[in-house]
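The block underneath contains the structure these notes are about, expressed in structure tokens.
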There are 2 protein chains.
Amino acid sequence: MSSRGRRAGAGDTRADILEVAREEFATKGYAGTSLRGVARGAGVDPALLHHYFDGKAGLFAEVVGVPADLDERVAAAVVGPVEEAGERIVRAFLGIWDHPEGRTRFRALVGAATSQEQAAVVLRDFVSRTVLNRLTTAFGEDRGGVSEVAVALAGSQLVGMAMLRYVLEVPALAGADPEEIVALLAPTIQSLLVD
Amino acid sequence: MSSRGRRAGAGDTRADILEVAREEFATKGYAGTSLRGVARGAGVDPALLHHYFDGKAGLFAEVVGVPADLDERVAAAVVGPVEEAGERIVRAFLGIWDHPEGRTRFRALVGAATSQEQAAVVLRDFVSRTVLNRLTTAFGEDRGGVSEVAVALAGSQLVGMAMLRYVLEVPALAGADPEEIVALLAPTIQSLLVD
């Protein structure tokens, strides 16, 4: 009911909270994580979490920590020769998630989306407004390009690869060389977005 | 701590338990669902759940309820003209999940895999031993076909589509006509498995 203690230094406290929250979301899922539990783990008053992060959804968005980065990377990946768009996009995606911390974050994201309706909405809005919007602007019907369904299916191929590689850890994909994934997946993304 | 009551008829009781469990897994995820809670919801003694389902993992497998069906459908889908394999496989996949109950089951599956290490292992083993094994036998290296990574990526494209259509419910995919999905996705599955 009460905090176990306080620490000096707002910057450190914030980082401590995020570290605890990242661990809690990853192991307990969105629904199983409580602000109270995170506050206890970080040794701070729960009110501080509301102050810093505007509640659990805000803390989650901050913990996941990919928004700006992901959006920038996708924005960068759509620029360049159109013949290599698929390859750039697969590389960008692997660059974001293909390391231990990224894997943990991806699991937390998916876990949240499946266990908590609010998180699914947050994530859908985020994916739609950033990734799919960037791809639609670059390859969509307004540019005489492909349908929204094709753009969404291109995005879904990256999500599916990540599901088998990071979440289910199906051996063939979990252990695959990133370059092999790029070589096989780039053409299918390319054909959906460009052809 | 104790059950709230019993019902007569083992068949009905079993069905009641499964109905409650399906709802609990779908809304609370694997980790958030307890045998005690399911027993309470079904109005039976928790011991009965252990007796019928051999614990939570067994109850989950029973609730998910796709194994035999999924395996049969995949087995049927790989048979036939090789030029239409991608199309048959996408159609089979949509036939399994593309209805309200299927969607709920898919969410429960993914939620379990992300929130509980044991469920991820169960699901990985199941996917590897049924779907990926069928595809590898039909299209893999032993038949002079494609690599295990290519087979796994083909499977992952179906999983990714389902993630955006059933879990995140990204509008473009959630509302797409199944035939449009078949038309766009079949060629990429085909190219991974056959070309």
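In the text below, chain A, chain B and the rest are named by the order of the sequence lines, each starting its count at 1.
- Contacts with chain A were tallied for B:Leu164, B:Leu158, B:Ile181, B:Val151; B:Leu164 has the most, counting heavy-atom pairs under 4.5 Å.
- No hydrogens or angles considered: a donor-acceptor pair under 3.5 Å links the side chains of B:Gln157 and A:Thr188.
- Comparing A:Ala150, A:Gly175, A:Ala152 by how many heavy-atom pairs each has under 4.5 Å with chain B, the most go to A:Ala152.
- Side-chain atoms of A:Leu184 and B:Ser147, non-hydrogen and from C-beta on, do get closer than 4.5 Å to each other.
- Among A:Leu153, A:Val159, A:Val146, A:Asp177, the residue making the largest number of heavy-atom pairs under 4.5 Å with chain B is A:Leu153.
- Of the atoms belonging to B:Met161, heavy atoms from both backbone and side chain fall under 4.5 Å from chain A.
- Taking all atoms of both residues into account, the shortest heavy-atom contact from A:Ser156 to B:Leu173 is CB-CD1, 4.3 Å.
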